[in-house]
Structures are given as C-alpha cells and as structure tokens.
Engineer: 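Quick one: the structure is below, questions incoming.
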Amino acid sequence: MKTKFFFLAALLLSAQMAFSAPKIEQVEPLCWWTEMRTPLTVMFHGQDLKDAEVSVQQVAAGKVVRGACHGLVPRSQHNAESPNYLFVDFGVFQPGTYRITLKKGNKKATYDYIIGTRREGSRERKSFDAGDVVYLIMSDRFVDGDPSNNSTPDTREKADKKNPNGRFGGDIQGIINSLDHIEKLGCTAIWPTPMLGDDEEAWSYHGYACSDYYHIDPRYGTNSLYAQMVQEAHKKGLKVLMDMVPNHCGGSHWWMKDLPYQNWINQFPQFTNTNNCFTANYDINASQYDRNLSNRGWFDHPMPDMNLENPDLLKYFQQWAIWWIEYADLDGLRVDTYPYIEKIPGSKWLKAIREEYPGINIVGECWTRPAPAVAYWQSGAKNFDGFDSNLPTVMDFPTEEAIRQALENDGNGWGNGLTKVYDALTMDYLYADVNKLFTFLGNHDMSRIRDAVKDRDIRRVKLAYVLLATMRGIPQVLYGDEYAMISANKENPSDHSYLRAPLPQGGEINDEMVDMFEFQSQLFQWRKKEPVLHKGKTLHFLSRDNTYAFFRYNDEEAVFVFANASEEPREVPVGHYQEILKNYSPIGMDPLSGKQISLYRPFTVKGLSTVIVKLKKK
C-alpha cells in the first residue's frame with residue numbers, strides 16, 4: 001500500500017514539475033465596466049498560459065476577500081495556437097477590483113483587474129453630425145505643448161525637427177493649449193490623427209502603424225492626459241473623434257514576435273502589397289485573385305495586414321473601439337483605409353460598436369471615385385448584393401476632387417470650372433444620407449487647398465471655403481488651412497513630409513493669414529446657427545459660365561449661394577430661380593458683409609467671389 005501511495009505522489013510531483021511557471025505580460029482590454037452590452041473577453045499574453053486554470057477573487061482594501069466571488073465570473077476559456085495566450089470570457093456583475101489567477105499545477109500568476117461603473121448616459125451619447133465642422137490635426141506636427149516628451153527612453157525614434165520625415169514633437173498638451181483657437185475658428189469637433197503607440201525606427205510620426213492598441217504613445221502623453229484632453233474639449237463645446245486603424249498594425253507591435261494564431265495577420269510567402277483595388281468588393285466581373293489582394297495584401301512594409309476573419313481578432317477590435325469610447329468619453333470615430341478591411345468582418349466590427357452606442361457616428365476613409373464607388377460603403381445603401389457596411393458616414397472624395405478641379409485653372413471649356421461641382425452633386429441620389437457625407441477641401445494625405453488652386457490665389461481659396469460651409473454634409477478643415485498654408489515643397493506640394501508642417505505661431509502669422517482666419521471664423525461661426533445648412537435640401541442651377549448657384553432650403557427659410565469662379569464679373573440671373581424664390585421674401589441678408597441684398601432683379605458679382613443671401617419664408 002505504501003508503495004502505491006509513493007508512486008502516485010511521485011506521479012503528481014512529476015506532473016507539477018512539468019508545468020513551467022505561467023507569466024502574465026499583457027492583459028487587454030485594460031479594464032471594463034458594468035452595464036455594458038458587449039460581453040467581456042480578456043486576452044492574456046505572457047509565458048505558458050495554455051490550459052491554465054482560471055479563478056477570481058475580489059480585492060477590498062488591498063486584501064483578497066475570502067469566499068465565492070460574484071462580481072466577475074469566468075464563464076469559459078480557450079487557447080490560441082501559441083501556448084502563450086489565453087482567452088477568457090467573463091460575466092461582469094459588480095464594480096470592484098478582482099484578482100484573476102492563472103494556475104498550472106502548483107504554479108500561478110495573478111493580475112488585479114478593475115471593473116468600473118459605467119458613466120451615466122454613456123450608451124445614449126450624442127455624436128458629430130452635419131451641424132459640426134471638424135478640425136483635422138496631424139498630431140505630431142500640430143503644436144509642441146510639452147517639449148519634455150519629444151523623445152522618450154522607451155521609444156526608438158527620437159525627435160528631429162530638422163528632418164522633414166522625422167518627429168516634430170506635437171502632442172496632446174499642444175492640442176489642449178489650442179482648443180481656444182479651434183473654438184474661435186468656428187470648428188466644433190477635432191479629429192487628431194492616431195496617437196496610440198507607434199514604435200517604428202523611422203517614419204513613425206504619422207501614427208498609422210500601431211504598436212500598442214491600448215496605450216497612448218508616450219511622445220504624445222498618457223492615457224489619462226488623452227482623456228483630460230477630451231474633457232477640456234467638451235468644456236468648450238468641442239467634440240472629439242478618435243482615428244482608428246483596424247486594417248493593419250505596425251511591424252513593431254509586441255504580438256508580431258509571438259502571434260496568437262498564424263492567421264492573426266494575412267501572410268504571403270514574400271512581402272505582398274495590396275493592389276489598392278477595393279472596387280473588387282462589388283465588381284461583378286472581379287476575380288477572386290484581385291479581391292484577395294485587395295483585402296489581404298499589406299498596406300506597406302511596416303504595416304502587417306490584420307485578418308478580421310479570425311474571430312478572436314474581430315472580438316479584440318470590437319472591444320478595443322468600445323473601450324476607448326467608454327474610457328475617454330469619445331464623440332465619434334474615424335476609420336482609416338476602411339475598404340481594405342475584409343468586407344463582412346469589417347461590417348460586423350462596426351455593428352458591434354453601434355449596438356453598444358446607437359447614436360455614435362463613424363466616418364470611414366473610402367478613398368475612391370466616382371460617386372457610386374463611395375456610396376456603396378455608406379450604411380443604408382441599396383446595394384445590389386444586399387451588403388450593408390454599418391458605416392454611417394463616408395468621406396466625399398468625389399466632391400473634393402470636383403472643387404479642386406474647378407479651381408485649378410481658369411475653368412474655360414465645356415464641362416470645366418464650377419460645372420464639375422454641379423455634376424458632382426447630381427450624384428447625390430446614390431447616397432443613403434447626403435447629410436452624412438464628410439466633405440473637405442484637403443486632408444493630411446493630399447496637397448493643401450491653396451497649393452491646389454490656380455496661382456495659389458487666396459480668392460479661390462475663400463470661394464472654396466464658402467462652398468464647403470454651405471453645401472450638404474459635414475465639413476472638415478485641415479489644420480493650418482485657416483491660415484491658407486502652403487507646402488514648403490513648392491515643386492511637389494503633395495509631399496507628405498512638407499505639407500504636414502507645424503501650425504504657425506506668434507510672429508509667424510502674417511496679415512494675410514489673419515485675414516483668412518477671420519474669414520473662415522466668420523463663415524463657420526455663422527454656419528453653427530443655421531439649421532437649414534445642417535439638414536436642409538439642395539436645389540441647384542446649371543450654368544456654363546464658370547458660376548454655380550444653389551439653395552439650401554426647408555419649409556421656413558433658405559440660404560442662396562452664388563459662386564463666381566471666373567476672373568470676370570458675372571450677372572446673377574435671378575429670373576432663373578423663380579421656382580424657389582417665389583416661396584421666400586426676395587430681400588435677404590448677406591451674413592458675411594451684413595448687407596441687405598435684393599433678389600428682385602439681376603445683379604453683378606465680381607470675379608472670384610461669392611454672394612450668400614439668407615432668405616425667410618413669405
């Protein structure tokens with residue numbers, strides 16, 4: 001009997017010794033909250049976590065509470081292909097601190113996990129819409145508010161303001177310091193480019209190669225400072241959008257050294273670029289080969305393509321977006337390179353976010369033309385294949401292109417000039433909701449609007465901004481364009497490194513810049529108070545003389561806009577507009593000049609200028 005006992009003891013000791021000590025290195029999401037509709041799945045990463053036994057105890061006053069724990073309850077778990085991961089599903093019932101133990105044999109690792117109380121009204125949060133003007137910030141290049149964090153010991157690329165491709169030191173504190181400037185401009189929301197960890201050796205300043213999805217890059221600040229930035233913005237009536245990139249991560253992301261699954265990312269025998277052919281997603285003639293390269297090819301060398309068809313990764317990204325909205329109290333999201341994501345999983349990703357926050361607005365970068373190719377990606381589109389992206393707002397690249405092309409030359413010739421803008425808006429019938437088009441004149445990936453117009457003429461820039469402020473959609477302004485900035489590389493103004501210059505400060509601001517700022521400020525501050533520009537309908541009139549006339553109207557009021565992109569004076573043919581003018585008093589106010597304008601009879605508008613007239617119902 002003793003022999004049998006010692007034999008069993010030896011077997012047990014041998015089994016315990018076979019287990020290496022588990023070690024926890026990453027836990028994501030970082031925390032969670034009660035009253036969330038999204039179930040909680042925690043990803044543990046470390047060393048030898050496969051098949052670990054999971055238990056939870058509550059912690060109070062720094063001590064473990066004896067007895068059963070009912071506030072955070074493990075329900076199921078599963079391994080990954082790598083033995084260093086464990087995915088655990090939890091039931092969340094009460095706020096508190098909970099000690100999670102992962103045990104293998106007689107060895108264990110622990111982690112204290114926090115469940116918070118969800119803020120009141122979080123699910124019902126409002127978002128950005130056509131009543132807003134969004135201010136786009138290139139985070140590293142905007143304003144350096146805290147030089148002490150320009151270079152940090154735990155990041156590889158150091159600040160070098162003399163290197164146009166390097167880091168300049170823009171940060172969260174710089175944005176906080178600039179909130180008054182943004183509010184004065186008349187913008188009501190800010191969209192900073194990604195601020196999460198991006199630890200590439202070079203070219204990391206753009207932020208689109210994420211190395212840590214749950215932590216702000218220390219060269220920008222901290223998670224708590226980011227949340228403070230959102231709070232400070234809210235105090236000034238400004239909303240905040242977070243720029244998210246689920247299509248690809250950075251090559252320096254910690255999981256690239258130990259993938260949970262081999263299909264966590266899309267892999268090829270050798271480096272394979274995307275073909276940038278996301279029309280293959282709806283092209284009935286497209287080959288599977290092209291579709292595969294579109295969604296699975298890598299965006300660039302340091303940007304591994306994520307495979308959202310892996311259910312654990314899809315869940316990870318769903319929780320990630322929801323975590324940041326809840327943690328930082330965000331007002332919306334912008335999604336980078338949206339059509340490059342696997343189509344159906346991408347739709348499921350957005351659906352989960354919108355089920356948690358039914359009122360949230362999300363704008364996706366769908367950089368393509370013509371209009372049917374963009375309209376396909378807007379949620380609610382009547383697509384032939386029944387696909388719904390769950391993406392409420394799409395970036396209006398067709399109208400951006402039309403405005404630029406209209407103003408890049410003198411507009412002579414059939415179909416040129418502002419006729420291009422008219423033609424762009426004739427495609428509005430394709431969109432599920434034209435008031436959820438994200439309109440803009442330029443962004444951080446293309447030449448600045450002043451570099452794009454003929455002769456860099458400031459009058460053409462002002463004309464473009466009048467169109468942006470009064471047309472349908474949600475206008476977006478690129479930082480620095482309030483000063484009509486131009487690129488330092490005049491031969492190639494589309495060069496990213498030069499067009500993404502810091503925002504001018506102090507003595508760098510000249511009289512011309514002040515004039516442009518005041519012009520836009522007056523325009524956008526007025527726009528805030530005009531619901532007809534936010535939700536009104538559009539009626540426009542064709543001309544072949546490089547002018548464009550349109551009305552934004554509802555049952556109570558209208559705004560009439562006449563733009564003359566010709567260098568010569570043009571007559572406003574008010575007689576052509578009687579079908580709508582008959583419903584309104586013909587004498588109105590120009591909100592920019594403060595002058596009364598009569599639409600009883602034709603009048604002349606000078607070259608490269610606009611007229612706006614606010615009209616009331618008869």
Side-chain angles (χ1 to χ4, degrees), residues 127-128 132-143 167 170-172 174-176 178 182 187-200 203-217 219-221 223 225-227 229-230 233 238-250 253 299-300 303 306 317-318 320-341 346 349-350 353 357 360-367 377 391-395 397 438 440 442-446 474-480 496 500:
S127 194
F128 68 101
D132 290 297
V133 176
V134 179
Y135 189 77
L136 166 56
I137 293 168
M138 192 77 204
S139 299
D140 174 72
R141 299 300 179 87
F142 183 55
V143 174
R167 282 188 170 266
D171 51 28
I172 294 172
I175 296 176
I176 293 174
S178 304
I182 297 168
C187 292
T188 58
I190 60 173
W191 153 27
T193 54
M195 290 184 166
L196 297 176
D198 187 335
D199 199 26
E200 300 300 318
W203 280 92
S204 70
Y205 79 88
H206 56 69
Y208 287 96
C210 184
S211 60
D212 188 332
Y213 284 98
Y214 277 95
H215 290 95
I216 294 295
D217 193 294
R219 289 162 292 194
Y220 293 127
N223 284 12
L225 185 61
Y226 181 87
M229 176 193 75
V230 177
L238 300 172
K239 302 171 184 177
V240 180
L241 286 61
M242 185 177 232
D243 199 338
M244 291 195 158
V245 192
N247 178 67
H248 50 266
C249 70
H253 194 287
F299 197 75
D300 207 343
M303 298 180 179
M306 307 310 300
F317 276 140
Q318 289 169 338
W320 162 60
I322 290 166
W323 188 89
W324 274 108
I325 294 169
E326 194 69 28
Y327 170 79
D329 199 17
L330 296 171
D331 304 287
L333 303 177
R334 183 263 184 183
V335 184
D336 184 65
T337 56
Y338 180 72
Y340 294 90
I341 306 168
W349 176 61
L350 292 175
I353 300 168
Y357 305 100
I360 200 81
N361 194 7
I362 305 167
V363 54
E365 179 193 34
C366 303
W367 195 335
W377 297 103
L391 179 67
T393 295
V394 289
M395 299 179 74
F397 283 95
F438 203 74
F440 57 102
N443 62 30
H444 58 299
D445 288 326
M446 59 179 62
I474 307 168
Q476 169 247 295
V477 178
L478 173 62
Y479 84 99
H496 289 176
R500 298 166 175 175

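Note that the numbering runs from 1 along the sequence shown for the chain.
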Engineer: Examine His253 together with Tyr213 and report whether their ring centres are nearer than 6.0 Å.
Structural biologist: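 Ring-ring flag for His253/Tyr213: true, centres closer than 6.0 Å.
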
Engineer: Checking the side chain of His496 only, and the main-chain atoms of Asp445 only, is there a donor and an acceptor separated by less than 3.5 Å?
Structural biologist: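 Yes.
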
Engineer: Evaluate the side-chain proximity of His444 to Arg141: yes if any heavy-atom separation is below 4.5 Å, no if none is.
Structural biologist: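 Contact flag for Arg141/His444 side chains = no.
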
Engineer: Taking the side chain as every heavy atom from C-beta outward, state whether Met138 and Tyr205 have any pair of such atoms under 4.5 Å apart.
Structural biologist: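 A side-chain contact exists here, since the closest heavy-atom pair is under 4.5 Å.
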
Engineer: Can a donor-acceptor pair be found, under 3.5 Å and without considering hydrogens, that links the side chain of Gln476 to the backbone of Gly442?
Structural biologist: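 Yes: the side chain of Gln476 pairs with the backbone of Gly442.
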
Engineer: In sequence, state the C-alpha distance, the side-chain angles, and the governing distance for Tyr357 and Ile325, and then conclude on side-chain contact (heavy atoms from CB on, under 4.5 Å).
Structural biologist: CA-CA 9 Å; Tyr357 305 100; Ile325 294 169; 3.6 Å; yes

Engineer: Step by step, work out the side-chain contact (heavy atoms from CB on, under 4.5 Å) result for Met244 and Phe317.
Structural biologist: CA-CA 10 Å; Met244 291 195 158; Phe317 276 140; over 6 Å; no

Engineer: Say you draw a straight line from CD1 of Ile474 to CZ of Phe440; how long is it, rounded to the nearest 0.5 Å?
Structural biologist: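 The distance works out to 12.5 Å.
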
Engineer: Between the side chain of Ser139 and the main-chain N/O of Thr193, is any donor-acceptor distance below 3.5 Å?
Structural biologist: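 Yes; at least one donor-acceptor contact below 3.5 Å.
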
Engineer: How long is the span from the SG atom in Cys249 to the CG atom in Leu196, to the nearest 0.5 Å?
Structural biologist: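 Going from the SG atom of Cys249 to the CG atom of Leu196 covers 12.5 Å.
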
Engineer: Which pair of non-hydrogen atoms, one from Ala209 and one from Glu200, has the smallest distance, and what is that distance?
Structural biologist: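 Shortest heavy-atom separation between Ala209 and Glu200 comes out as CB-CG, 4.2 Å.
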
Engineer: Over 60° means perpendicular and under 30° means parallel, so classify the ring planes of Phe128 and Phe438, tilted if in between.
Structural biologist: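 Taking Phe128 first and then Phe438, their aromatic rings stand perpendicular (interplane angle over 60°).
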
Engineer: If we check side-chain contact (heavy atoms from CB on, under 4.5 Å) with Ile175, which of these qualifies: Val143, Ile190, Leu225?
Structural biologist: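 Of the listed options, the one satisfying the test is Ile190.
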
Engineer: Cation-pi check, Arg167 to Tyr220: give yes when NZ or CZ is under 6.0 Å from the six-membered ring centre and within 45° of the ring axis, no otherwise.
Structural biologist: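 Geometry flag: set, cation within 6.0 Å and 45°.
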
Engineer: Please determine whether side-chain contact (heavy atoms from CB on, under 4.5 Å) holds for the pair Met395 and Val363, giving the CA-CA distance in whole Å, both sets of side-chain angles, and the decisive distance to 0.1 Å.
Structural biologist: CA-CA 7 Å; Met395 299 179 74; Val363 54; 3.7 Å; yes

Engineer: Charged N to carboxylate O under 4.0 angstrom, Asp132 versus Lys239?
Structural biologist: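 A salt bridge is present here (some side-chain N lies under 4.0 Å from a carboxylate O).
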
Engineer: Is it true that the side chains of Asn361 and Thr393 contain a donor and an acceptor less than 3.5 Å apart?
Structural biologist: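 The answer is yes; a qualifying pair exists.
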
Engineer: Flag the pair Leu136 / Val477 as yes when at least one side-chain heavy-atom distance between them is below 4.5 Å, and no otherwise.
Structural biologist: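 Counting from C-beta outward, Leu136 and Val477 never come under 4.5 Å.
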
Engineer: So, does Asp331 use its side chain to make a donor-acceptor pair with the main chain of Val240 at under 3.5 Å?
Structural biologist: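 Present.
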
Engineer: Under the 3.5 angstrom rule, does the side chain of Glu365 hit a backbone N or O of Tyr338 as a donor-acceptor pair?
Structural biologist: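 No; judged by distance alone, with no hydrogens or angles, the pair does not exist.
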
Engineer: With distance as the sole test, does Asp300 use its side chain to make a donor-acceptor pair with the main-chain N or O of Met303 at under 3.5 Å?
Structural biologist: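 No, the answer is negative, given that no donor and acceptor are paired below the 3.5 Å cut-off.
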
Engineer: Checking Asn223 side chain against Tyr214 main chain: does a donor-acceptor pair fall under 3.5 Å?
Structural biologist: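 Checked: pair present.
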
Engineer: Kindly say whether Leu241 contributes a backbone atom to a donor-acceptor pair with the side chain of Arg334 at under 3.5 angstrom?
Structural biologist: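 No; zero donor-acceptor contacts below 3.5 Å.
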
Engineer: Give the minimum heavy-atom separation between Asp329 and Val230, together with the two atoms involved.
Structural biologist: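 Smallest interatomic distance, heavy atoms only, reads O-CG1, 3.5 Å.
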
Engineer: Would you please test Met242 and Met195 for side-chain contact (heavy atoms from CB on, under 4.5 Å) and show each step?
Structural biologist: CA-CA 9 Å; Met242 185 177 232; Met195 290 184 166; over 6 Å; no

Engineer: Determine, using ring centers only, whether Tyr208 and Phe299 are less than 6.0 Å apart.
Structural biologist: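 No, too far apart.
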
Engineer: Does any part of the side chain of Trp349, heavy atoms only, come nearer than 4.5 Å to the side chain of Pro246, both counted from C-beta?
Structural biologist: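 Pro246 reaches Trp349 side chain to side chain.
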
Engineer: Once rounded to the nearest 0.5 Å, what's the spacing between atom CD1 of Ile362 and atom CG of Leu333?
Structural biologist: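 It comes to 5.0 Å.
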
Engineer: Of all the heavy-atom pairs spanning Cys366 and Val394, show the shortest one and how long it is.
Structural biologist: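 Looking at all heavy atoms of both residues, the closest pair is SG-CG1, 4.1 Å.
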
Engineer: Kindly indicate whether the side chain of Val335, heavy atoms from C-beta on, has any atom under 4.5 Å from the side chain of Val245.
Structural biologist: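 A side-chain contact under 4.5 Å is absent here.
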
Engineer: Suppose we call two aromatic rings close when their centres sit under 6.0 Å apart. Are Trp367 and Phe397 close by that rule?
Structural biologist: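 They qualify: ring centres under 6.0 Å apart.
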
Engineer: Just checking Trp324 against Tyr226, ring centres under 6.0 Å apart?
Structural biologist: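 Ring centroids of Trp324 and Tyr226 are less than 6.0 Å from each other.
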
Engineer: Please check: side-chain N/O of Thr188 versus main-chain N/O of Leu238, any donor-acceptor pairing under 3.5 Å?
Structural biologist: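 No, because the side chain of Thr188 does not come within donor-acceptor range (under 3.5 Å) of the backbone of Leu238.
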
Engineer: For a quick test of reading the model, state the closest non-hydrogen atom pair linking Pro194 to Asp243 and the distance between them.
Structural biologist: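 Smallest interatomic distance, heavy atoms only, reads CD-OD2, 3.4 Å.
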
Engineer: Any chance the rings of Tyr479 and Tyr135 have centres within less than 6.0 Å?
Structural biologist: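 Tyr479 vs Tyr135: aromatic centres not under 6.0 Å.
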
Engineer: Kindly give the heavy-atom pair with the smallest separation between Ala227 and Tyr327, and that separation in Å.
Structural biologist: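 Taking Ala227 first and Tyr327 second, the nearest heavy atoms are CB-CE2, 4.1 Å.
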
Engineer: Look up atom CG in Asp198 and atom NE2 in His206, then write down how far apart they are to the nearest 0.5 Å.
Structural biologist: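 Atom-to-atom, Asp198:CG and His206:NE2 are 6.0 Å apart.
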
Engineer: Side-chain contact, heavy-atom cut-off 4.5 Å: His248 with Cys210?
Structural biologist: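 His248 does not reach Cys210 side chain to side chain.
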
